[in-house]
Asks: 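Have a look at the structure that comes next, please.
Computed from a predicted structure; not experimentally measured. As the structure lists them, so they are numbered: ligands from 1, and atoms in each ligand from 1.
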Amino acid sequence: MFHFIQDKKYHNLFKKYVENKTSFSLQDILGNGSYGFAYLLLDEVTGNQYVLKRMRAKHRNDDKQRAKFQQEITMLKELDIPNVPNILYDGVLEDIPFYIMDFVNGSTFEQAIFEEGITFSLKESLAIVKDLLEIVNNIHQKGIVHRDLRIPNILIQHNILYIIDFGLAAYIKDDTRMEDIENPKKIENHWSDLYYIGHFLLYLLYSNYSPTERKERRWQEELELPPVVEEYIERLLLIQQPFSTTEEAIKSIPTV
Ligand SMILES: Nc1ncnc2c1ncn2[C@@H]1O[C@H](COP(=O)(O)OP(=O)(O)OP(=O)(O)O)[C@@H](O)[C@H]1O
């Protein structure tokens, strides 16, 4: 309850800041995640929209959370690639760090699949994964691994993909060994993103699946994919020989 009141106070503070100190107006709350709030801003002059992301008030005195938030800002600045929102401005307001970035006026894959009911064929799914891998490869080339490539963090706008939320991203460590891995999601190299992309591909493929049996079966049995596709997904998921680089994963995409 206290946190709720506290965040309301900071919500008003940020609204005042945006309206008095910038040329934007605060239009909406886009999301409130585990450690931040995202607001939609409108530039009244140009009509362009932006997103202000700020840390939750309860993390204000937590050095670890502050460092994580700061790292997210630093990485977004370092990335500077077209498929990741650009940062326009970053700052601190009453001890709450925040940044303003480009707004992607599209749908997350979570919305596309579960709210808009869009389905993806095998061919379309592989084409989307190819585009995604190209973007992710650019990110890896800059020494960064996202580590949270879930369907709410991948957006599509006019057939172009965007990746958001670098809150769990890490700098790539080159000395990771397969035998030391306990949780694939936390690996600090390309394997983590490929693992997430394997699951992402399964979400796309399941969008087109209607169960034929009451009992839930393994994805390999339910989806009945061509063996080359099944093997490809198993390699992404680290069930079979993992791809040694993201480029190798791109080159190995099966043609169907
Ligand atoms: N640049 C953007 N363009 C469009 N929508 C965005 C953008 N950034 C964030 N959002 C929206 O705001 C929501 C919250 O943003 P984000 O995922 O970055 O915050 P978070 O606090 O890390 O959230 P979570 O804990 O849920 O992952 C997202 O789900 C997305 O819908």
Asks: Aromatic ring centroids of Tyr209 and Tyr206 under 6.0 Å?
Replies: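 So the answer is yes for these two rings.
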
Asks: For residues Tyr99 and Leu76, determine if any side-chain heavy atom of one lies less than 4.5 Å from a side-chain heavy atom of the other.
Replies: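 With C-beta onward as the side chain, the pair touches.
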
Asks: Could you list which atoms of ligand 1 come closer than 4.0 Å to a heavy atom of Pro85?
Replies: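 Close to Pro85: 1 (N).
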
Asks: Quick check, are the ring centers of Tyr195 and His199 under 6.0 angstrom apart?
Replies: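 Distance test on ring centres: under 6.0 Å, yes.
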
Asks: When you measure from atom 27 (O) of ligand 1 to every protein heavy atom, which one gives the shortest distance, and what is it?
Replies: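 Protein heavy atom at minimum distance: Asp165 OD2, 2.8 Å.
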
Asks: Quick one: look up the protein heavy atom nearest atom 1 (N) of ligand 1 and list residue, atom name and how far away it is.
Replies: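 Among all protein heavy atoms, the one nearest atom 1 (N) of ligand 1 is Asp102 O, 3.0 Å.
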
Asks: Can you tell me which residue and heavy atom of the protein come closest to atom 23 (O) of ligand 1, and the distance to 0.1 Å?
Replies: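 Answer, as residue, atom name and distance: Gly33 CA, 3.4 Å.
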
Asks: Could you tell me the residue and atom name of the protein heavy atom closest to atom 18 (O) of ligand 1, and the distance to it rounded to 0.1 Å?
Replies: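 Result for atom 18 (O) of ligand 1: Lys53 NZ, 2.7 Å.
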
Asks: Counting only heavy atoms, tell me which of Leu168, Ile164, Ile163 gets closest to atom 6 (C) of ligand 1.
Replies: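 Shortest heavy-atom distance from atom 6 (C) of ligand 1: Ile164.
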
Asks: Looking at atom 8 (N) of ligand 1, what's its closest protein heavy atom, distance included?
Replies: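 Scanning the protein heavy atoms, the shortest distance from atom 8 (N) of ligand 1 goes to Met101 CE, 3.4 Å.
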
Asks: Could you check, using the six-membered ring where one of them is a Trp, whether Phe200 and Phe109 have ring centers closer than 6.0 angstrom?
Replies: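 Yes, the ring centres sit under 6.0 Å apart.
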
Asks: Among protein heavy atoms, which lies nearest atom 13 (C) of ligand 1, and at what distance?
Replies: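 Here the closest protein heavy atom is Gly31 CA, 4.1 Å.
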
Asks: Tyr17 and ring pair (Phe, Tyr, Trp, His ring centres under 6.0 Å): which single residue from Phe24, Tyr89, Phe98 fits?
Replies: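 Result for ring pair (Phe, Tyr, Trp, His ring centres under 6.0 Å) with Tyr17: Phe98.
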
Asks: Return yes if a side-chain donor-acceptor contact under 3.5 Å exists between Glu234 and Gln241, otherwise no.
Replies: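 Glu234 vs Gln241: no donor-acceptor pair found between side chains.
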
Asks: Please write down residue, atom name and distance for the protein heavy atom closest to atom 3 (N) of ligand 1.
Replies: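 Protein heavy atom at minimum distance: Val104 N, 2.9 Å.
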
Asks: For the hydrophobic clusters of this structure (ILVMFWY residues joined by side-chain heavy atoms under 4.5 Å, transitively), does one cluster hold both Tyr50 and Ile81?
Replies: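 Tyr50 and Ile81: one cluster.
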
Asks: Write out the residue and atom name of the closest protein heavy atom to atom 15 (O) of ligand 1, then the distance separating them to 0.1 Å.
Replies: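 In this structure, atom 15 (O) of ligand 1 has Ala38 CB, 4.0 Å as its nearest protein heavy atom.
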
